[in-house]
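In what follows, a structure is listed as structure tokens, so that the remarks can point back to it.
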Amino acid sequence: MDNQLLQIQNRSCRIYGDTGAEYLLLQMADEHDFAGMAREVEAIHRQTAQPFLLAAVQVENWNDDLSPWPAPPVWGKQGFGGRAGDTLAWLEQAVPRIRRQYSIKEDGKAILGGYSLAGLFALWAATQTDALYGVAAASPSVWFPGWSEYEAAHPIQAQRVYLSLGDREEHTKNQTMATVGDNIRTLHSALIQRGKACTLEWNAGGHFKDADLRTARAFAWVMEGK
């Protein structure tokens with residue numbers, strides 16, 4: 001199956017992969033993500049033989065729909081609306097329909113992933129529900145104000161967590177975003193101490209390099225179980 005459109009309530013999804021697959025991959029995506037989705041799916045196939053169905057869900061307002069609570073602008077003039085709870089509620093209603101329509105068993109492993117703020121959303125969602133087998137967080141926005149303290153008080157429940165960051169991302173003059181390196185190291189250490197299967201991989205370059213390939217690597221690692 002390649003790039004099938006599925007409309008659920010007010011959101012459209014692009015579906016890739018295999019009907020009846022063992023793994024259901026869920027990714028919140030914007031137009032930039034969709035432009036690289038074919039390359040991402042190909043890259044996942046190259047890195048794992050596990051059968052999967054990927055549902056890429058369109059996000060209309062990135063800063064608002066994926067942020068767990070309101071926050072002021074970190075760069076530019078646009079702040080964060082804190083509507084991740086609404087997005088997660090939609091996802092929890094949509095997943096059973098996706099499972100039925102594409103013959104994904106109820107015990108099929110669900111992995112929520114994404115890039116940047118979508119990666120943070122995936123991590124946050126795993127603090128709210130135990131329905132996720134894994135989280136595939138590529139260059140997640142763990143600099144987000146209050147995130148580290150929140151996760152320490154509301155631990156991630158998923159069994160497997162992939163984390164990555166570009167090795168230049170923490171080297172920025174923006175004081176808030178410069179915390180991303182220390183915050184992701186702290187999260188990785190905490191997850192390991194709690195007995196989670198977790199890895200932290202460092203990619204060459206800054207935040208905007210090869211987002212599709214980095215996300216593919218994240219999903220493949222969670223599925224592979226290595």
Side-chain angles (χ1 to χ4, degrees), residues 26-30 32-33 36 59-88 112-128 132 134-158 160-194 196 198-215 217-219 221-222:
L26 304 162
Q27 179 178 348
M28 310 309 294
D30 62 7
H32 177 77
D33 296 315
V59 177
E60 293 293 342
N61 193 315
W62 191 259
N63 280 18
D64 290 348
D65 292 350
L66 299 180
S67 52
W69 46 81
V74 174
W75 69 93
K77 296 181 179 180
Q78 186 179 3
F80 301 88
R83 295 206 300 257
D86 295 338
T87 303
L88 179 58
L112 180 59
Y115 199 81
S116 193
L117 198 58
L120 178 77
F121 170 76
L123 292 168
W124 171 82
T127 71
Q128 306 297 299
L132 297 171
V135 173
S139 285
S141 303
V142 292
W143 50 259
F144 193 81
W147 160 253
S148 292
E149 296 82 1
Y150 184 87
E151 197 283 330
H154 307 82
I156 288 169
Q157 301 177 60
R160 296 180 57 77
V161 180
Y162 174 97
L163 302 169
S164 72
L165 207 63
D167 58 13
R168 286 166 43 196
E169 292 194 55
E170 62 185 320
H171 302 295
T172 173
K173 294 180 180 179
N174 185 304
Q175 292 184 352
T176 299
M177 299 185 74
T179 64
V180 70
D182 287 343
N183 286 1
I184 207 164
R185 293 183 188 95
T186 297
L187 177 60
H188 175 242
S189 296
L191 289 168
I192 293 296
Q193 289 173 2
R194 296 176 203 152
K196 301 293 185 182
C198 180
T199 190
L200 170 56
E201 293 192 347
W202 292 89
N203 299 303
H207 184 67
F208 297 101
K209 183 179 180 182
D210 295 331
D212 48 2
L213 300 182
R214 292 181 183 182
T215 306
R217 174 66 179 157
F219 278 124
W221 185 89
V222 178

What's the shortest heavy-atom distance between [X] and [Y], and which atoms?
X: Phe121; Y: Ala84; value: CE1-O, 3.6 Å
X: Ala204; Y: Asp167; value: CA-OD2, 3.6 Å
X: Cys198; Y: Leu191; value: SG-CD1, 3.7 Å
X: Trp147; Y: Trp69; value: N-CZ2, 3.7 Å
X: Asp65; Y: Glu60; value: OD2-N, 3.9 Å
X: Leu120; Y: Ser141; value: CD1-O, 3.5 Å

Criterion side-chain contact (heavy atoms from CB on, under 4.5 Å) on Glu151 and Asn183, from CA distance to verdict: CA-CA 11 Å; Glu151 197 283 330; Asn183 286 1; over 6 Å; no

Do the side chain of [X] and the main chain of [Y] share a donor and acceptor less than 3.5 angstrom apart?
X: Lys196; Y: Gln157; result: yes
X: Asp33; Y: Asp30; result: yes
X: Arg185; Y: Leu200; result: no
X: Ser189; Y: Thr186; result: no
X: Arg214; Y: Ala138; result: no
X: Glu170; Y: Ala178; result: no
X: Asn174; Y: Met177; result: yes
X: Ser164; Y: Ser139; result: yes

Rounded at 0.5 Å granularity, tell me how far [atom1] in [X] sits from [atom2] in [Y].
X: Met28; Y: Trp62; atom1: CE; atom2: CH2; result: 8.5 Å
X: Gln128; Y: Ile156; atom1: CD; atom2: CD1; result: 11.0 Å
X: Phe80; Y: Asp64; atom1: CZ; atom2: CG; result: 9.0 Å
X: His188; Y: Thr199; atom1: NE2; atom2: OG1; result: 5.5 Å

Is any side-chain heavy atom of [X] less than 4.5 Å from a side-chain heavy atom of [Y]?
X: Pro68; Y: Phe144; answer: yes
X: Asn203; Y: Lys209; answer: no
X: Glu169; Y: Ile184; answer: no
X: Trp143; Y: Val74; answer: yes
X: Leu117; Y: Asn63; answer: yes
X: Leu187; Y: Leu163; answer: yes
X: Ser116; Y: Leu66; answer: no
X: Leu123; Y: Val161; answer: yes

His154 and Tyr150 aromatic ring geometry - parallel, tilted or perpendicular at 30°/60° bounds: parallel

Under 3.5 Å side-chain donor-acceptor pair for Glu201 and Tyr162: yes

By ring pair (Phe, Tyr, Trp, His ring centres under 6.0 Å) - contacts of His32 (at least two apart): none

